[in-house]
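Have a look at the structure below, then the notes.
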Amino acid sequence: MTVMEQRGAYRPTPPPAWQPRTDPVPLLPDERPYRVLGTEAAAEADPALLRRLYAELVRGRRYNVQATALTKQGRLAVYPSSTGQEACEVAAALALQERDWLFPSYRDTLAAVARGVDPVQALTLLRGDWHTGYDPYEHRVAPLSTPLATQLPHAVGLAHAAHLKGDDVVALALVGDGGTSEGDFHEALNFAAVWQAPVVFLVQNNGFAISVPLAKQTAAPSLAHKAVGYGMPGRLVDGNDAVAVHQVLAEALAHARTGGGPTLIEAVTYRIDAHTNADDATRYRGDSEVEAWREHDPIALLEGELTARGIVDEDGIRAVREEAEAMAADLRERMNQDPVLDPMDLFAHVYAEPTPQLREQRDQLRAELDAEAQADADTGAAAGPEGAGR
Amino acid sequence: MTVMEQRGAYRPTPPPAWQPRTDPVPLLPDERPYRVLGTEAAAEADPALLRRLYAELVRGRRYNVQATALTKQGRLAVYPSSTGQEACEVAAALALQERDWLFPSYRDTLAAVARGVDPVQALTLLRGDWHTGYDPYEHRVAPLSTPLATQLPHAVGLAHAAHLKGDDVVALALVGDGGTSEGDFHEALNFAAVWQAPVVFLVQNNGFAISVPLAKQTAAPSLAHKAVGYGMPGRLVDGNDAVAVHQVLAEALAHARTGGGPTLIEAVTYRIDAHTNADDATRYRGDSEVEAWREHDPIALLEGELTARGIVDEDGIRAVREEAEAMAADLRERMNQDPVLDPMDLFAHVYAEPTPQLREQRDQLRAELDAEAQADADTGAAAGPEGAGR
Amino acid sequence: MTTVAVKPATMAQALTRALRDAMTADPAVHVMGEDVGTLGGVFRVTDGLAAEFGDDRCTDTPLAEAGILGTAVGMAMYGLRPVVEMQFDAFAYPAFEQLVSHVARMHNRTRGAMPLPVTVRVPYGGGIGGVEHHSDSSEAYYMATPGLHVVTPATVADAYGLLRASIASDDPVVFLEPKRLYWSKDSWNPEEPQAVEPIGRAVVRRPGRTATLITYGPSVPVCLEAAEAARAEGWDLEVVDLRSLVPFDDETVAASVRRTGRAVVVHESGGFGGPGGEIAARVTERCFHHLEAPVLRVAGFDVPYPPPMLERHHLPGVDRILDAVGRLQWEAES
Amino acid sequence: MTTVAVKPATMAQALTRALRDAMTADPAVHVMGEDVGTLGGVFRVTDGLAAEFGDDRCTDTPLAEAGILGTAVGMAMYGLRPVVEMQFDAFAYPAFEQLVSHVARMHNRTRGAMPLPVTVRVPYGGGIGGVEHHSDSSEAYYMATPGLHVVTPATVADAYGLLRASIASDDPVVFLEPKRLYWSKDSWNPEEPQAVEPIGRAVVRRPGRTATLITYGPSVPVCLEAAEAARAEGWDLEVVDLRSLVPFDDETVAASVRRTGRAVVVHESGGFGGPGGEIAARVTERCFHHLEAPVLRVAGFDVPYPPPMLERHHLPGVDRILDAVGRLQWEAES
Ligand SMILES: Cc1ncc(C[n+]2csc(CCOP(=O)(O)OP(=O)(O)O)c2C)c(N)n1
Ligand SMILES: Cc1ncc(C[n+]2csc(CCOP(=O)(O)OP(=O)(O)O)c2C)c(N)n1
Ligand SMILES: [Mg+2]
Ligand SMILES: [Mg+2]
C-alpha cells in the first residue's frame, strides 16, 4: 500500500451526510504552556537527562556570550544570540536520534552545535569566510537558513523521502514566531499533514521578529492553534523549561516515528539579547519586560531543580562551568586565527562542473591576482594572508 | 486612536502568567455545515429574498450552460463553469452592499455578473480579446484572478484602506479549496486578522482542484478550522443552500462592517461540470458521485422551498426561466459578434505613458500592419476584421 | 538485429517517454506537481506514470508551488531526484524564492557537499491561445540566476534526450518546454532514442552562408521557416538552436557568426532585458571584427503577454525575422 | 530670499526626507514593511515616520513579503499610494508573484482603469559584508518585467528626487537603493531639494572624450574613481549614470557613445543575463558604425553572491574597469 493510499480516497459528500475528516478536539493545544520544572511532574524527570540538559544549557549560554564578544572584536560579522532561548536550542538537539535531521533557522547555531557541529564551523556563515561551514550530512544538520521559513518545506520533503524509503528518520524544523507569517510555513505544514510526513515543527516564540512584537504578527489565541487548520496536533510549551520542551519534543518525535504524522509545537520563550549585536533593542522594548523574563531564566530554572533534588552540588556546577569556559576559550582561540581563503572557490562549487563561462571568469580572476601579487612583489609589499585585510 | 493602537500592545509574558490572547472556542466552526433549506429555519426566510435568489440561480445556471456552449462554437477560448456552485456565486453577490467590493477568482464570472458586471464584458478574459473586460470601479469587482489565491491579499489591503479612511466598505474574497493551500491564502488571512480588516473570505470547497480531491489538498477537519489559527471565526455552511450561504455571508459582512474583523467561511459544494470545457473529468471521478450531488442541486433545493411555501407558482417559475432564456439569447447574440480589436492597444496601457521603447515598438507594428494592408490591397484580398481569423 | 520502425511522435509523447525511462532506470526519480498523477498533467506529459509507478513516485501535490519545490529540495537532500512540474510558466513565480535562494545555491553554499539534482519542468511561451498568466516566457529570470542550468528543446528527439540529461544531471535544471510544440510531430524512434549531446551544446539546425539566426525553443521552427522563405530574397540563412541557455555554447554560436558575418537573435520572450541582449552582447564581444552589421534582435514586445486574439502580433513571425535580416546592412556587401 | 546652508547629508537621510515630504504632501502615501515603524527600518530609512504620522501611515506589517506587497496592491486599488520596504534584496523574492503577475500588469490588464501607484523600495547590492541573501543585485529580474519602472539613485540628491518622483508616479516603481551608498555623504540642501529630472533620464556625471563608462547605482562612484585613475593612462573617460533602467534613456547613452566611440558597461549584478547584455546590445544596435571596439562589460561574476570575506574579488573595482578600458582596441586609433 502506498503512502497515498493509506490516507484513503476522499469523496466529497453532500452536506446532509457530511462528516468532519478528523476530530478537531485532540488537535487543539492546552490552554496554557506545558511546564515540568516547578511542578510536581519534575520529580519524575530522569536525573541523567537533567544533568545533560544542564551542562548543555550552560555551555550554550557561554557560547552565546562568546560569540557576541567575537562580533565586538571584529571576528564575526554578526551574531544573532539565542540567550534566553537555550532551553529550546538544547532540547531540540538532545531530543533527536542520531539518524534524525535538524533544520535550523539562522538563529539556531546553538542547536547545531549541541547536535555535534563543530563550534567554529557553525560560525562560518557569520564570520563570512563561506556560507555553510559544515557538511550537512556529517551530523544531519541542514544549512542554517537565512530566508525565513524556507527551511520548513525542506524538512517536510526530507522526512517524506525517508518515510517513502522506509527509513526510521524524523526531521525537526525550527522557526521563529515571525517566520510563521510566511507562506512557506503554511505550505510546509500543509504538505506535512497531507503526506503524514515524520516531521516536527518547533516554533520558538520569543516575542519578537526583530522589533515587531507578536501582537502585530498574529491575532491567534496561540501559534499552536494553527495546527488544527492543517489537521495535526498543536502543543504549547514553556520554552524556558528545558525538561518540558524536551519531553514535548520527544513525544512528538516518537509520534512521528511511529507513523502518527507531524506535530506543531509552540515554545513560549524570550529573546534576552537584541536581535543581533547590530540591533538596538531599546528602540522597541523596555527593561522591565526583559527583567521579568530574566526571572524566568532557563538555566536558573533547571539549576533550581537540580540543586533542590540534590542531583548536582556546587562542585558539579563548577565543573560544568569550567567545561563551558574551556569550550569558550577554544572557540576564542580558533576564531582569532584568520581563516585561509581561496578566491578560486568562488567558481568551484556553483555547479558540479564549472561552465565554460565560469572557467573563463576563474582564469580572469587568477590573472588579476597574479598581477597584483607581482606588483606587490615589485614594490616590495608583503602579501598579507587572504581575509586579513577585512 | 489608530487602528494599530486599538489592538493594544502585546507584551510577552513568562509562561507562569501566560494568557491566550483570544478565546479560541467561539472561533471554531460548527461540526456540520449550516443549512436552512430543508430545516425548520427555512420558514423564517424572507420571501422576497428567496425569490431574488431563485431568479439569480436560474439565470446563473443558464449563463453557465450558455457560456459552455459558446466554447464549443469557438466563441470563447475556455470556460470554467460554476454549475452546481451557483448558490455560492449568487449569494456572494447579493449579500454585498453596493459600496462593497468583490474579489473573484477565475471561476467566479457568475458572481461578477450577478453583481452587475455586463455578461459579455465579464467574458472578455475568456474570449481572449483583452484581459479584464470591465472597469473594476464600475461595480467594485476586482479583475477575475487567474493566479490562485493572489486576490486574497488584495481584498485585505482594500478593506484595510477603506477602514483607515473611515469608509463603510467591506471586501468579500472568493477562493477555491485548492487555493487555500497557497501561501498567499495564509498571508492574507493573517494580515486581515492582525489588522482587523473588514474582509470576508468565502472558500468554495467544490471537492476538487482540477483533478486533485480534497484529501490530497488538506488533512484538516474542515477548511473552516483554519480560521482559529489566525484568530478569526470560521463558519461552515452548505454551499448548495443559497439561503444558508446568504445568511452566513450577511452575518459575516455585518460583523466586519461593525468592526468585528474578518471571517473565514467554508461553503461545502460540488463542481458538477468538468474543471473547464477542456478538461475530462472522467479521468479522475465517477458518475455516481456526480449523481449524488445532482440530488442536492442548489436550484432544486430552493425551488422545493419556494413551491412548498407557495412563494412562486408554475407561472412564476416559467417567468424566471423565460427571463433567463432572454439573457442567454442576448449573450449568444452579442458573443457571436466579432470583437473589434486594435493591435495598438498592446502598447497603450503598459504604463500611464508609453516609454520611448514602447513608442518605437508601436510604430514598428503600425508600419508592419500598414505594409500588410498595402500588400492585401495590392493583391485585392479583402482585409477581414481583426480577430475573425482566430 | 531487428529493425524498429521509426514512427512519428509528438514532443509531449517524447517527454512522457523520457520520464518513464528515467523512472525505470533510477528508483530515485520522483515526479511531483499539480495534477500530475491521476490526470497525467494538464498537458498529459505525465500520463500513465502514476498507474505504472504508483502515487508515491508520481504524486499529486497540494496546490502550492513553493511547497512543491521546497519539499522537492528536501527530497533531493535525502538522495531522491525529484522532477517537478510547474503547471504553467507564470505559476512558477510563487516558487521563485525557493528556486533562487535555495535550489540555485545549495551546491555552492555547501561547497558541493549537498548537490540538488532537481529538474523543474516549466511549460512556457505562447501561441496556444492561453488567457493571461498562461503564456509567459520566463527564461530571462532563470538565466540571470547563477547555479541553474536552463535547457529548452525544440525537437522531439531533443525533448527526450535533453530531459533525460537534465534528470541525470547532479545540478538543478530548469527545463523549459515550449507549449506550442507539445503537439509537434517528428519521426523519432522511441525504441532507440538518438543519443543527445550533453547539456550545453548548441546545434546548427540549418547550415547557411549569409547570416545566422540564433534561436531556441518555440522560435526554432519559425526561424527554419524564415530561412526557407529567405531563399527567395537571395539570403542563405544558418539557423542555430541553442538548446541550452545555461551553460551557453559560445563556441558554436561564435563560429557560425564568424562564418556568416551577420546575426539576428530570435526569441518570443520580451526584448528588453530578455535573453537576446545577453546573446547579442556576447556574440559582439567575440566576433566584432567579423560583423558587417550589428547583431539585431527579433523578440516579443516589451508588454505583458497579450490576450489570445492579439498574440499573433506579438510573436516573432517569418516576416518580422526577414525584416530584421533585411536591415543587416547588405549594401556594405558590395 | 534667505540663503539656506547647504549641509552634507547621507543618502539614507535624503531618502527619509523624501518619504517624510511625500507623506506630508499627500495623505494617500503610506509606508509599510517589516520593522519600518517603531524601529525605523533596519537601515533607519523610515526613522521617525511612525512617530510623526502614526502607525497607520507607517506600519509594521507581519513578516510576509507577498502579503506586504499583496495588501499594498489592494490599498492602491482603493486610492492609496503605498511605499513598500523590502528589508533586503533577496527577501523580495517571496513577493515575486505579486510583483510580476499583478503589480506590473494591473494597469495594462484593466486598460488603465486601475493604475497601481506602488513604490517598492529594495535595498540592493553588496559591499557591506552581509551574509548570504543580503547582497543580491536583482535588477535583471525587474528589468525583464514589462509594466515596472526600475529606478536607482547614485547620489544623495538623486535619492531624494527620484524617490519623490517614484512615489508621485502613477505607475509602479521598483526603487533600488544601493546599500553601500546609504552612508555616502554629499552637500545637499534639504530645504530646497534640487529639482530632479523625471524618471527615465540618464545623466553624464563626468564628461570625457575617449570612452564611455555606462553605469548606475553602487557602481557610479567606482566608475568616477576609475575615470580619475584613467587620466594617468591618457584616457579621458565619460561616465553616464543611468538612474533609471526602465525606461531606458537611449538618447543620452547613444549620444555619449557616438561621441567617444568606445564603451564599457559596469555593474555589480552578475554578467550573464544581467543588465549589461541589454545595454551593450542596444548601444551596439544604435552606434555600430561609431564603435571602434565592441562594447565590453565589467560585472559581478556569474556566481551566487560571495561571502563577505571574498566579496572584494567579486565587485567590479577600479582595476578591473581599467583593464576593460585597456581592451577597447586602442591600437585601431593610430
Ligand atoms: C524571507 C525573509 N524576510 C525577511 C528577513 C529579514 N529578517 C531576518 S530575522 C527577521 C526576524 C525574524 O523573526 P522570528 O521569525 O521571530 O525569529 P527570531 O529572530 O525571533 O529568532 C527578519 C525580518 C529574512 N531573513 N527572510
Ligand atoms: C498559482 C496558480 N497555480 C496553478 C494554477 C493552475 N490552476 C488553475 S485552476 C486550478 C485548480 C484550482 O482549484 P480550486 O482552488 O479548488 O478552485 P476550483 O477550480 O475548484 O474552482 C489550478 C491548479 C493557477 N491558476 N494559479
Ligand atoms: Mg521571534
Ligand atoms: Mg475546488
Side-chain angles (χ1 to χ4, degrees), chain A residues 2-5 101 103 125 130-138 142-143 145-147 149-165 167 169 171 182-184 186-195 197 199 345-346 348-358 360, chain C residues 27-28 30 32 37 50 53-57 59-80 82 94 97-98 100-102 104-115 117 146-149 169-172 200 244 246-251 282:
Chain A
T2 68
V3 170
M4 278 305 171
E5 282 160 6
W101 272 80
F103 285 79
L125 175 75
W130 196 253
H131 308 293
T132 302
Y134 50 89
D135 176 349
Y137 291 101
E138 198 183 337
S145 180
T146 299
T150 55
Q151 71 278 18
L152 305 181
H154 305 172
V156 176
L158 183 136
H160 180 58
H163 191 201
L164 290 179
K165 286 199 181 176
D167 294 349
V169 168
E182 290 281 3
D184 274 13
H186 176 69
E187 301 188 11
L189 268 75
N190 188 44
F191 274 67
V194 169
W195 285 348
V199 58
D345 278 3
L346 287 179
H349 308 295
V350 183
Y351 300 96
E353 287 292 324
T355 60
Q357 288 73 31
L358 284 177
E360 278 174 22
Chain C
H30 280 240
M32 54 198 289
F53 299 96
D55 280 354
D56 289 342
R57 294 282 305 281
T59 307
D60 282 332
T61 63
L63 209 169
E65 292 78 8
I68 297 170
L69 191 54
T71 53
V73 166
M75 290 163 73
M77 285 177 166
Y78 203 76
L80 300 185
E97 182 185 32
Q98 284 289 344
V100 172
S101 296
H102 288 295
R105 298 187 197 197
M106 195 64 81
H107 189 280
N108 183 66
R109 166 194 292 155
T110 61
R111 293 184 191 271
M114 193 167 245
L148 301 176
H149 287 313
S169 167
D170 280 339
D171 289 316
S244 153
V246 182
F248 192 87
D249 187 349
D250 281 313
E251 228 172 281
R282 49 196 313 117

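Predicted model, so just to flag it, every value in this text is computed and none were measured. Only this structure's heavy atoms are used, side chains among them; waters, hydrogens and symmetry mates stay out.
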Tell me, side chain or backbone of C:E65 under 4.5 Å from chain A's heavy atoms, or both, or neither? backbone
Below 4.5 Å from any heavy atom of chain C, which atoms of A:Y351 appear? Answer side chain, backbone, both or neither. both
Could you state the interatomic distance from CZ (A:F191) to CD1 (C:I68), rounded to the nearest 0.5 Å? 5.0 Å
Residue among A:F103, A:W101, A:W130 with most heavy-atom pairs under 4.5 Å to chain C: A:W130
Main chain of A:T150, side chain of C:Q98: is a donor-acceptor contact present, judged purely on distance under 3.5 Å? yes
Just wondering, do C:T71 and A:H160 contact through their side chains at under 4.5 Å, heavy atoms? no
Between A:L358 and chain C, which part of the residue has a heavy atom less than 4.5 Å away: side chain, backbone, both or neither? neither
Part of A:A352 within contact of chain C (heavy atom distance under 4.5 Å): both
For the interface with chain C, which of A:K165, A:H154, A:E138, A:Q151 has the highest count of heavy-atom pairs at distances below 4.5 Å? A:H154
Can you tell which part of C:A66 gets under 4.5 Å to a heavy atom of chain A, answering side chain, backbone, both or neither? both
Option in C:G147, C:G112, C:P146 with maximal non-hydrogen atom pairs under 4.5 Å from chain A: C:G147
So which part of C:R282 gets closer than 4.5 Å to some heavy atom of chain A, the side chain, the backbone, both or neither? side chain
Identify which part of A:E182 has an atom lying under 4.5 Å from any heavy atom of chain C, answering side chain, backbone, both or neither. neither
Could you tell me the separation between the OG1 atom of A:T132 and the CE atom of C:M106, rounded to the nearest 0.5 Å? 7.5 Å
Mind checking whether C:T110 and A:P136 have side chains closer than 4.5 Å, heavy atoms only? yes
Considering only heavy atoms from C-beta outward, does the side chain of A:P147 approach that of C:H102 to under 4.5 Å? yes
Where on A:Y134 is there a heavy atom nearer than 4.5 Å to chain C: the side chain, the backbone, both, or neither? neither
Compare every heavy atom of C:Y78 with every heavy atom of A:A161, then report the nearest pair and how far apart it is. CB-CB, 3.8 Å
Which heavy atom of C:M75 sits nearest a heavy atom of A:G157, and at what distance? CG-O, 3.2 Å
Would you indicate whether the side-chain heavy atoms of C:P62 and A:E187 approach each other to under 4.5 Å? no
Between A:H131, A:H186, A:E353, who has the most heavy-atom pairs with chain C when the cutoff is under 4.5 Å? A:H131
Can you say whether C:H149 sits under 4.5 Å from chain A via the side chain, the backbone, both, or neither, judging by heavy atoms? both
So A:T355 and C:F248, do their side chains get closer than 4.5 Å, heavy atoms only? no
Using modelled atom types and a 3.5 Å cut-off, is there a donor and acceptor pairing between side-chain atoms of C:H107 and backbone atoms of A:H349? yes
Which atoms of C:L148 approach chain A - backbone, side chain, both or neither, heavy atom under 4.5 Å: backbone
Heavy-atom cut-off 4.5 Å, strictly under: side chain, backbone, both or neither for A:A188 against chain C? neither
For A:S145, is it the side chain, the backbone, both or neither that has a heavy atom under 4.5 Å from a heavy atom of chain C? side chain
Answer yes or no: is there a side-chain heavy-atom contact under 4.5 Å between A:L164 and C:H30? yes
